[in-house]
Amino acid sequence: MTETETQATFKRVMLKISGEALMGDQGFGLHPPTVERIAGEVKAVHDMGVEICMVIGGGNVFRGLQGSAQGMERTTADYMGMLATVMNALAMQSALEGRGVFTRVISAITMNEVAEPYIRRRAVRHLEKKRVCIFAAGTGNPYFTTDTAATLRANEMSCEAIFMGKNGVDGVYDKDPKKHDDAKRYDVVTYDEVLQKRLGVMDASAIALARDNNLPLIVFPLDTPGGFKEILEGKGTFTRVQG
């Protein structure tokens, strides 16, 4: 192991980002320079020898809950949202492989022409070979969010932490820092506090799954250059959610 690799505080992590993070300043869709920038952040951590799983939301293309709220049947809307995550995963795969990082898109919904089916042992082997694994299509089931999918896959892949990349905030606050100047940032907060105070880190089922398996969450600013790598080096600003 090289000197750079020994600096990493975790050996295998899950990076969860929202679909909106890929929009850049646009109101919809993919912003290629933003996708490239995030790919650069991932590559910097990958170069440290860290094994990386990713889950990307689909809200920049289609959000199931919004479709359902507008009268669409909920199951159909959720499946459309899952397909949106596959599009985002393919975009990120293209950006990472353009930087020389071998990447696999692994879909919970079978679509052999564009992604591998989810087989746990195969996915683990990809990670051992230092390939980035992007898990797409959520859990493959309606009524579950990509937060829950990220927590589920992180547990299945034996990840040591989930990194929640947020835009515009550098951790978890007791209220929205964009609306309240007196908002207080937590350095450490418990799973139960997140649930009781409704702090909005993840949906409740995902937080409960992380708590039940003692899987820490690291909430950090995705839009800070080098922020992801800094935390792996034991530095940076973030909030840790733990038991």
Side-chain angles (χ1 to χ4, degrees), residues 9-10 12-23 38 41-42 45 52-60 63-66 78 81-82 84-85 88 134-135 138-139 141 143-224 227-232 234-243:
T9 52
F10 298 101
R12 181 180 294 174
V13 300
M14 166 65 74
L15 174 62
K16 167 63 171 69
I17 61 177
S18 67
E20 287 87 346
L22 306 184
M23 291 191 308
I38 296 172
E41 300 284 328
V42 174
V45 171
I52 302 171
C53 303
M54 292 183 72
V55 168
I56 307 171
N60 58 318
R63 187 178 290 280
L65 275 175
Q66 289 177 351
D78 279 357
M82 290 179 222
T85 71
N88 287 340
I134 306 176
F135 296 98
T139 65
N141 301 288
Y143 295 93
F144 290 95
T145 66
T146 51
D147 284 347
T148 303
T151 311
L152 174 64
R153 297 294 184 236
N155 280 305
E156 290 179 305
M157 295 295 108
S158 301
C159 292
E160 297 168 342
I162 298 177
F163 280 70
M164 296 282 296
K166 300 284 188 179
N167 279 339
V169 289
D170 57 359
V172 179
Y173 286 77
D174 60 349
K175 48 193 164 186
D176 190 343
K178 296 175 184 175
K179 298 178 182 175
H180 303 276
D181 293 335
D182 60 342
K184 184 186 89 172
R185 190 180 69 81
Y186 296 96
D187 286 324
V188 179
V189 64
T190 67
Y191 305 111
D192 288 336
E193 283 180 289
V194 168
L195 290 171
Q196 289 162 8
K197 297 178 181 178
R198 302 191 176 195
L199 297 178
V201 180
M202 281 180 157
D203 65 82
S205 57
I207 288 289
L209 184 58
R211 178 193 61 194
D212 292 348
N213 291 279
N214 199 29
L215 181 65
L217 312 176
I218 310 293
V219 183
F220 74 103
L222 186 66
D223 47 3
T224 298
F228 188 21
K229 182 183 178 187
E230 275 191 352
I231 298 169
L232 269 296
K235 300 179 286 188
T237 303
F238 58 91
T239 296
R240 184 183 178 102
V241 183
Q242 60 188 30

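Partners of S205 by side chain to side chain donor-acceptor pair (under 3.5 Å), not counting sequence neighbours, listed by chain and number: T148, D203. Here Y173 pairs with D170 under the side chain to side chain donor-acceptor pair (under 3.5 Å) rule; sequence neighbours left out. In terms of the side chain to side chain contact (heavy atoms under 4.5 Å, CB included) criterion, residue partners of T190 (sequence neighbours excluded) are, by chain and number, D192, E193. Not counting sequence neighbours, the partners of D78 by the salt bridge (Lys or Arg N to Asp or Glu O under 4.0 Å) test are R74. The salt bridge (Lys or Arg N to Asp or Glu O under 4.0 Å) search around D181 returns none, not counting sequence neighbours. Scanning for salt bridge (Lys or Arg N to Asp or Glu O under 4.0 Å) contacts around D212 gives an empty result, with sequence neighbours left out. The side chain to side chain donor-acceptor pair (under 3.5 Å) test applied to D176 returns no partner, not counting sequence neighbours. Residues satisfying the salt bridge (Lys or Arg N to Asp or Glu O under 4.0 Å) test with D187, not counting sequence neighbours, are R185.
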Check step by step if side chain to side chain contact (heavy atoms under 4.5 Å, CB included) holds for L195 and R211. CA-CA 11 Å; L195 290 171; R211 178 193 61 194; 3.6 Å; yes

Could you go through the side chain to side chain contact (heavy atoms under 4.5 Å, CB included) check for T237 and E230 one step at a time? CA-CA 9 Å; T237 303; E230 275 191 352; over 6 Å; no

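Once rounded to the nearest 0.5 Å, the distance linking CD1 of I52 with CG of L232 reads 7.5 Å. Annotation: the span from L217 atom CG to I207 atom CD1 amounts to 5.0 Å, rounded to 0.5 Å. To the nearest 0.5 Å, atom CE of residue M82 and atom CG of residue N141 are 6.5 Å apart. Between the NZ atom in K229 and the OG1 atom in T224 there is a gap of 15.5 Å [rounded to 0.5 Å]. To the nearest 0.5 Å, the span separating CD1 on I218 from CD on Q242 amounts to 8.0 Å. L209 contributes atom CG, which lies 5.0 Å from atom CG of N155 (distance to the nearest 0.5 angstrom).
Inter-residue side-chain proximity for F135 and E156 is flagged as unmet; no heavy-atom pair is nearer than 4.5 Å. By the 4.5 Å heavy-atom criterion applied to side chains, L222 and F228 are not counted as neighbours.
For OH of Y186, the number of neighbouring non-hydrogen atoms (other residues, nucleotides, ligands) closer than 6.0 Å is greater than 12.
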Solution key, residues 160-167 side-chain donor-acceptor pairs under 3.5 Å, sequence neighbours excluded:
from: E160; atom 1: OE1; to: K11; atom 2: N; distance (Å): 2.7
from: K166; atom 1: NZ; to: V201; atom 2: O; distance (Å): 3.4

List, one per line, each side-chain donor-acceptor pair under 3.5 Å for residues 14-23, sequence neighbours excluded.
from: K16; atom 1: NZ; to: D147; atom 2: OD1; distance (Å): 3.3
from: S18; atom 1: OG; to: A21; atom 2: N; distance (Å): 3.2
from: E20; atom 1: OE1; to: R63; atom 2: NH2; distance (Å): 3.2
from: E20; atom 1: OE2; to: R63; atom 2: NH2; distance (Å): 2.3

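A pairwise comparison of heavy atoms in L152 and T139 identifies CD2-CG2, 4.0 Å as the closest pair. The two residues A84 and G58 make their nearest non-hydrogen contact at CB-O, 3.7 Å.
Applying the salt bridge (charged side-chain N to carboxylate O under 4.0 Å, His left out) definition to pairs two or more places apart or across chains, those involving residues 234-243 are E233-K235.
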